[in-house]
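The next block holds one structure in the form of structure tokens; read it before the comments.
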Protein chains: 2
Amino acid sequence: MDQVNLKQLAKELNLAVSTVSRALRDSHEISPQTKERVRELAMKLGFQPNPHASSLRQNKSKTIAVIIPEIENNFFSQVINGIESVTPNKGYHVLIYLTHEDYNKERDILQLLRNGRVDGIMISVSNTTTNLDHITAWQQAGIPLVLFDRTCDELDVPNIMTNDAEMAFKATEHLLKRGCKNIAFLGMAGNLSISNRRKAGYLSALEKHKVTTPPQVIELTAKDYINRETLHAIFQQPQHPDGVFAAIEKFAVNTYEVCKELDLRIPQDVKVVSFSNLQAAALFDPALSTIIQPAYDIGREAANILFKLIEKKMLMPYEKKMILPSQLIERASTATGS
Amino acid sequence: MDQVNLKQLAKELNLAVSTVSRALRDSHEISPQTKERVRELAMKLGFQPNPHASSLRQNKSKTIAVIIPEIENNFFSQVINGIESVTPNKGYHVLIYLTHEDYNKERDILQLLRNGRVDGIMISVSNTTTNLDHITAWQQAGIPLVLFDRTCDELDVPNIMTNDAEMAFKATEHLLKRGCKNIAFLGMAGNLSISNRRKAGYLSALEKHKVTTPPQVIELTAKDYINRETLHAIFQQPQHPDGVFAAIEKFAVNTYEVCKELDLRIPQDVKVVSFSNLQAAALFDPALSTIIQPAYDIGREAANILFKLIEKKMLMPYEKKMILPSQLIERASTATGS
DNA sequence: TAATTCTTTGCAAACGATTTCGAAAAATGT
DNA sequence: ACATTTTTCGAAATCGTTTGCAAAGAATTA
């Protein structure tokens, strides 16, 4: 695959390599006629500058990395979609890395990228991440970094998320208004700030409404079969919850599955509301009440902020901690039992 | 961000740059003692070779590109997951590009990448792609290329797909066995080989079972609201289809939506079966009968084959056209009306 | 006319790693 | 002790692009 390069163009045109380079970059020190000649031949031969040579010389890669826990999740797909709505216009390329909720992988990926392969990263941390050294190290190296959704309060890094606590509060309140007395919170195990925010919203709603039944915080995992076992045990008890607020879409699905197994009717026996970006939630049996996060917007804004950092522009104060509101959609899974 | 480089290591160790380079690549011409010294310091300073310099010199990028029509689709997410199960072990990085079902974008992306940025690509073509020049150009440039799912029969390129025609046949036959007399096929507009294969399976099932009602091939688009209008018009007719075979998950969702609007009961009035990789299909109202494609495996195998090409290994005959079987899961949406 | 700027171009040195080639040093053989 | 091989390492070229600087010619000014 013999690529066309500057030298060949230069020889063909009887020009110096530097002249050709400058002409293609539309430098003011090249005459219009020469520019035209160069551009014509470049177009004809389909010349594309070698990105590795450029990157080496200019010390910029025109590439960003997106690091996420998993990809088989509508939320993250939509985020990527949002990111991709920005990158091509900027002439940037997007590398994808999956941590599979594994701190070690996350650390290794960040280490691997600390050599100029990317100009910046966007990361949603894994739920097993407790040590944040790998992120602070990145920050100290001065390489642009943006956190989204799964952010870290301890870090002074630009982050984009949604109003988790507020929506969790609303969701819990919604269940209470629909008559639930014993609401369970299904959260991700680990110490994710996002889980904590949602849990806090749940707890404060219970407190505000002076619920006497003690809160039930249930920590689930990334593995479906384990979650089903856990939920099975919980819903077999006579005093099982009559309301479920799932902080993660997957957990709502697990709840549906277990309720079906145990012949518990939704919403008559158990009402369910969940954070979820699944479009098909409306088609569920029964239609699932959801809190929809603005995933696409989160991706787009995160990318915009990252590019501001890369271009060394100042951030507006609101861009350092951006909160995009989610939306609660009430459906049959939380309807009154009548 | 002052990166550590070979020169600094060399100076610190009183060695030549070349020696340090060789030591780190475990060359046989470096003594074990020197190697140890070098490795120790490299580890201590967290040295990571500059990938652009390496790529430039070695003319390989350690990067592959995945080009897909969209990402908000469980199938493609799972494919990416499968690809990612291979790439890190190979020390490779994955760039993602979305065509949004737009031929021009697809062509531009391929053009953009023809300069050594990637060592190979995996592509699922857009449904607006009729001209295949951009792909043959790649092929002629000798750069590794693998097609998956949305393949092109006209091209002699390794491709990985599923047994579309066979499964379409089975799905149609399944509807017939459940008593459907008037089955509609919902396919993607355009001339995708995948749609054609599925349509062929549908038609041959009708033919085998000597169905007298003429086939109804309905071409839908990427836009939900247009699809709903089209379906609305069709199902408002008195002689509307009593069975629907959706070649694309999204179209099944559209069908559900329209049936709800028109108060048509599934499966009593209309039975529905669809290609779909949505895990939540079992929770639909009613549970959707699906043909599940082995998306993860398709991604993994496509990546394996691409790496064989990159490493200039010979392909086994079966690897040039690999067909991974899908699975038909019968659920309530095609149950008998009793 | 001479001195000055401005425009346009070329030369050569970077960028950081890899690799070819050759030389010195050490080990081996006769 | 000398010749030969083997081991170990360094100097320099190379990948393709960008860019500081110099130089030549054209245009402008004094």
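Each chain gets a letter, A, B and so on, in the order its sequence line appears, and its residues count up from 1.
- Residues A/E40 and A/K35 are not paired through a salt bridge, judged by the lack of any N-O separation under 4.0 Å between the basic side chain and the carboxylate.
- At whole-Å resolution of the value, CD1 in B/I30 and P in C/dT19 are 13 Å apart.
- Side-chain atoms of B/Q58 stay outside donor-acceptor range of the base of D/dC15, with no qualifying N/O pair under 3.5 Å.
- Dense packing is recorded around CG of B/N104, with more than 12 heavy atoms of other residues, nucleotides or ligands lying under 6.0 Å away.
- When the side-chain nitrogen and oxygen atoms of A/R25 are compared with OP1 and OP2 of D/dT17, none of them lie within a distance under 4.0 Å.
- Salt bridge present: B/D297 and B/R300 bring a charged side-chain N and a carboxylate O closer than 4.0 Å.
- Note on B/S18: a base of the nucleic acid sits closer than 4.0 angstrom, heavy atoms only.
- Among the nucleotides D/dG16, C/dT8, C/dA17, the one closest to any side-chain atom of A/P32 is C/dT8.
- Residue A/L15 contributes atom CG, which lies 11 Å from atom C1' of C/dT8 at whole-angstrom precision.
- Side-chain N/O atoms of B/S61 and B/S55 include no donor and acceptor closer than 3.5 Å.
- Residue contacts shown for B/N14 are limited to sugar-phosphate atoms, with no base heavy atom under 4.0 Å away.
- Ranked by how close their nearest DNA chain C nucleotide is to the 5' end, B/T19 and B/A53 are led by B/A53.
- Each of D/dT17, D/dC15, D/dC9 was ranked by its minimum atom distance to the side chain of A/V17; first place goes to D/dT17.
- Within the nucleic acid shown, B/S21 comes within 4.0 Å of at least one base atom, counting heavy atoms only.
- Of the residues near DNA chain C, B/R22 and B/L6, the one whose nearest nucleotide (by heavy atom distance) lies more toward the 5' end is B/L6.
- What separates CD of A/Q48 from C1' of D/dG16 is a distance of 14 Å, to the nearest Å.
- In this model, the phosphate group of D/dT7 is not approached by any side-chain N or O of B/S31 to a distance below 4.0 Å at OP1 or OP2.
- In this structure, B/N115 places its CG atom 12 Å from P of D/dG16, rounding to the nearest Å.
- Side chains of A/E106 and A/H134: a donor-acceptor N/O pair is present below 3.5 angstrom, by distance only.
- The CG atom of A/L9 sits 8 Å away from the P atom of D/dT17 (whole-angstrom rounding).
- Rounded to whole Å, the distance from NZ on A/K7 to P on D/dT14 is 8 Å.
- Residue B/T34 places at least one side-chain N or O closer than 4.0 Å to OP1 or OP2 of D/dC9.
- In this structure, CG of B/L56 is placed 12 Å from P of C/dG16, rounded to the nearest angstrom.
- Between B/H52 atom NE2 and C/dC15 atom C1' the separation is 11 Å, expressed in whole Å.
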